[in-house]
Amino acid sequence: MRRSKYVRPAWLGEQGEGGQGTADKPRLTTSAMIASLAGPDQRTKPAPFGHALAALAETRPEIVGLTADLAKYTDLHIFAKAHPDRFYQMGMAEQLLISAAAGMAREGFMPFATTYAVFAARRAYDFICMAIAEENLNVKIVCALPGLTTGYGPSHQATEDIAIFRGMPNITIIDPCDAHEIEQVVPAIAAHSGPVYLRLLRGNVPVVLDEYDYTFELGKAKMLRDGNDVLIISSGLMTMRALEAAERLAEDRVDVGVLHVPTIKPLDEATILKEASRTGRMVVVAENHTIVGGLGEAVAGLLMRSGVIPPAFRQVALPDEFLDAGALPTLHDRYGISTNAMTESIKGWL
């Protein structure tokens, strides 16, 4: 991994990964550097993006893969092994990566360009805007480590990437929930003509949505479960957490519905308005992103413009600040996006 900036925060104490811990500071079992989002007994699939892209490329010769020195860490190494003549290593230069992808798209190729979300959003923004979005080129920008999915700290945590890209015309933004959805997203965005920004869950990715008879459709939100007391509108890994929170709240006789919104832009306004308009339900938007400028504010703006006023509107999201480095379970609890934290927040709001 590169561009590391890990400073051990004081609240972690002296014990590190593998340490014995103390009574008040339990042993950390998840590395800040390499962390899985899956629970101990949760089903997973390895590198769903890499495998799906490699399979799709068998019948789509125009697909090429590019990366900025991060093939292994964006699962593009699977594609590179299957199609070495269509894989391009651009080095540690995101602007070059994006410019090359734009040039290839102009020549009729379909580039899948991978890097970390922070590097695409912060370093290559103007190149994406002027070279790809303004020209409406068929480039798929696939970015790992969205939101709080790494313990590396602010240098690698893309907590504001959706806010950055939502204001960019022509670009489609997708935040998939699990491996099942990623496998379906890859052919769907390949069938879509135009630039796409995909928030990627990498490595061993949990499998959840197959239990809900779910099929991804670009631009569509889907109700995964219904409920009369609370409607959670969620995207990405927070849909996993929302479903878990709904089960726990059911034990307290709180009936929770979960609306999964994988396409952040363009937003499925009709479905969101239909579900949020139902009488008596608190609306909670849950996202792995800062509270500023993401799905929560997109939904709030839609409801306000449409005159839909739910009994209460709340957000489960990351704070508007630079976050700490550390173990992911600890950070998710600290910043309120773990299942436990979401469950307790909703109980408090009720």
Side-chain angles (χ1 to χ4, degrees), residues 1-17 25-26 28-39 70 73-74 94 115-125 143-166 173 175 177 197 199-203 205-206 234-242 244-245 264 284-298 314-345:
M1 198 155 310
R2 66 190 179 102
R3 300 177 186 166
S4 306
K5 180 184 164 185
Y6 178 76
V7 179
R8 183 173 183 77
W11 53 267
L12 282 179
E14 295 303 320
Q15 135 274 324
E17 185 191 15
K25 292 181 195 259
L28 294 177
T29 57
T30 304
S31 169
M33 309 308 171
I34 303 172
S36 173
L37 297 170
L70 288 169
Y73 300 105
T74 58
E94 284 73 29
T115 183
Y116 286 164
V118 285
F119 301 149
R122 298 177 192 167
R123 296 177 185 270
Y125 176 86
C143 294
L145 304 189
L148 185 51
T149 53
T150 176
Y152 259 102
S155 65
H156 283 62
Q157 293 162 348
T159 58
E160 77 283 37
D161 57 323
I162 292 176
I164 288 172
F165 285 119
R166 270 187 65 221
I173 303 172
D175 190 16
C177 169
Y197 174 70
R199 300 182 103 206
L200 177 65
L201 301 178
R202 66 177 191 181
V205 181
S234 57
S235 67
L237 69 90
M238 293 308 293
T239 292
M240 288 188 261
R241 304 280 166 82
E244 293 167 352
I264 308 298
V284 177
V285 180
E287 58 184 320
N288 174 34
H289 184 272
T290 173
I291 199 167
V292 176
L295 178 63
E297 290 196 349
R314 300 288 185 269
Q315 288 180 259
V316 173
L318 300 170
D320 179 24
E321 61 188 65
F322 292 110
L323 308 185
D324 289 327
L328 277 185
T330 303
L331 296 178
H332 284 197
D333 276 334
R334 166 170 285 221
Y335 294 115
I337 65 169
S338 67
T339 300
N340 286 340
M342 185 191 304
T343 303
E344 292 305 311
S345 291

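Along the sequence shown, the residues carry numbers beginning at 1.
Distance check: I337 CD1 to L237 CG gives 6.0 Å after rounding to the nearest 0.5 Å. Here R199 contributes atom CZ and L145 contributes atom CG; the two are 10.5 Å apart, rounded to the nearest 0.5 Å. The structure places CD of Q315 at 4.0 Å from CD1 of I291, a figure rounded to the nearest 0.5 Å. Of the inter-residue distances, the one linking L323 atom CG with Y335 atom OH reads 4.5 Å to the nearest 0.5 angstrom. Note: L328 CG to S338 OG = 11.5 Å, rounded to the nearest 0.5 Å.
Here the closest non-hydrogen pair linking E287 and L295 is OE1-N, 2.7 Å. Here the shortest heavy-atom pairing between P146 and A117 reads CA-CB, 4.3 Å. Here the shortest heavy-atom pairing between T159 and L318 reads CG2-CD1, 3.7 Å. Closest non-hydrogen pair, A144 versus Y73, comes out as CB-O, 3.7 Å. Minimum heavy-atom separation, T74 to T115: CG2-O, 3.6 Å. Scanning all heavy atoms of the two residues, the minimum distance from P206 to M240 falls at CB-SD, 3.6 Å.
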* Determine, step by step, whether E297 and I162 satisfy the side chain to side chain contact (heavy atoms under 4.5 Å, CB included) criterion, reporting the C-alpha distance in whole Å, the side-chain angles of both residues, the deciding distance to 0.1 Å, and the verdict. => CA-CA 11 Å; E297 290 196 349; I162 292 176; over 6 Å; no

* Asked: Between Y197 and I264, is a side chain to side chain contact (heavy atoms under 4.5 Å, CB included) present by the stated rule, with each step listed?
  -> CA-CA 10 Å; Y197 174 70; I264 308 298; over 6 Å; no

* Asked: Can V118 and Q157 be said to form a side chain to side chain contact (heavy atoms under 4.5 Å, CB included), step by step?
  -> CA-CA 7 Å; V118 285; Q157 293 162 348; 5.6 Å; no

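There is a side-chain donor-acceptor pair under 3.5 Å between Y116 and R202. At a cut-off of 3.5 Å, with distance as the only test, a side-chain donor of H332 or R241 sits close to an acceptor on the other residue.
With S234 as the fixed residue, the side-chain hydrogen bond (donor to acceptor under 3.5 Å, both in side chains) test singles out one of D175, N288, T239: T239.
Between the side chain of H289 and the backbone N or O of A163 there is at least one donor-acceptor pair closer than 3.5 Å. Between the side chain of E244 and the backbone N or O of T339, no donor-acceptor pair lies under 3.5 Å.
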